[in-house]
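Being a predicted model, the structure only gives us computed values, none of them experimental. Numbers restart at 1 for each chain; the letters A, B, ... are given by sequence-line order, proteins then strands.
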Protein chains: 2
Amino acid sequence: MTPFADLPAPPYYAVMFSSSRRDGDGDDGYAAAADRMVELAREQPGFLGVESTRGADGFGITVSYWESEEAIRAWRLHAEHAATREQGRARWYAHFEIRIAKVERAYGWDMAGGHRRE
Amino acid sequence: MTPFADLPAPPYYAVMFSSSRRDGDGDDGYAAAADRMVELAREQPGFLGVESTRGADGFGITVSYWESEEAIRAWRLHAEHAATREQGRARWYAHFEIRIAKVERAYGWDMAGGHRRE
């Protein structure tokens with residue numbers, strides 16, 4: 001499966017979540033919870049896509065894309081999401097930063113297909 | 001060194017660069033070029049910070065932060081940056097997506113220090 005989100009033309013909104021995992025805690029339920037949050041996000045109104053990666057040093061970036069600020073607000077208030085965020089602070093993360101942004105321009109390139117602009 | 005960018009309060013601008021490396025090409029000068037681009041970006045007017053990570057599957061996300069759209073435009077036109085982007089298409093990347101966004105809100109959390117809002 002491609003790791004790239006298949007998004008409509010801008011404008012849309014992005015939630016950029018940068019995080020560092022705690023040292024030496026092993027998985028401790030993290031991978032299952034992360035998978036579940038992506039599954040749950042996909043079911044939310046206004047969800048457009050998500051891209052996520054984490055390096056061997058434990059630092060990761062996840063960007064989720066949404067149709068509107070209202071959709072982001074509703075996802076933030078989702079009860080299961082809120083409960084999992086609480087677990088994230090209690091068990092998995094050492095530090096995180098969240099930035100909410102309006103995407104104004106986007107373009108892509110593929111070695112097979114060349115450039116694409118939106 | 002912390003992988004987190006130390007940013008001012010919003011608003012500011014973000015360039016989100018998602019990419020997949022080609023299979024089986026080894027490093028081929030990539031790491032040195034990536035380090036050089038970060039070094040060069042830090043010298044540009046309006047540069048605020050950068051966060052970057054890549055997983056074992058070759059998919060990576062780099063987000064650079066800028067004071068203004070003008071600063072992003074100038075960085076895009078920088079000759080050495082443009083030459084390295086050309087190498088990226090010719091040698092290192094299979095696919096990339098770039099999204100340019102205006103960051104409107106930001107907050108963070110640290111297990112030592114708790115919440116911070118901006």
| said: With chain B as the partner, which of A/P11, A/S19, A/G113, A/A56 has the greatest number of non-hydrogen pairs under 4.5 Å? | reply: A/S19
| field | For chain B, the option from A/D110, A/I98, A/V15 that forms the most heavy-atom pairs under 4.5 Å | value | A/I98
Test item: [X] and [Y] side chains (from C-beta on) under 4.5 Å apart, heavy atoms:
X      : Y      : result
A/W109 : B/R89  : yes
B/R105 : A/E69  : yes
B/Y13  : A/E104 : yes

| Under 4.5 Å from any heavy atom of chain A - which part of B/A14 | side chain
| field | Proximity breakdown for B/R54 and chain A, heavy-atom pairs closer than 4.5 Å | value | backbone
| Between A/L7 and B/E97, is a side-chain contact (heavy atoms from CB on, under 4.5 Å) present by the stated rule, with each step listed? | CA-CA 10 Å; A/L7 300 172; B/E97 299 288 336; over 6 Å; no
| task | Identify the two heavy atoms, one from A/A101 and one from B/V103, that lie closest to each other, and give their separation to 0.1 Å. | result | CB-CA, 3.7 Å
| note | What one should report as the nearest heavy-atom pair of A/M111 and B/Y93 is SD-O, 4.1 Å
| note | Residue from B/P3, B/A5, B/G55 scoring the most non-hydrogen pairs under 4.5 Å with chain A is B/P3
| Measuring heavy-atom distances to chain B, does A/T2 have an atom under 4.5 Å in its side chain, in its backbone, in both, or in neither? | neither
| field | Residues from residues 57-65 of chain A approaching chain B under 4.5 Å (heavy atoms) | value | A/F59, A/G60, A/I61, A/V63, A/Y65
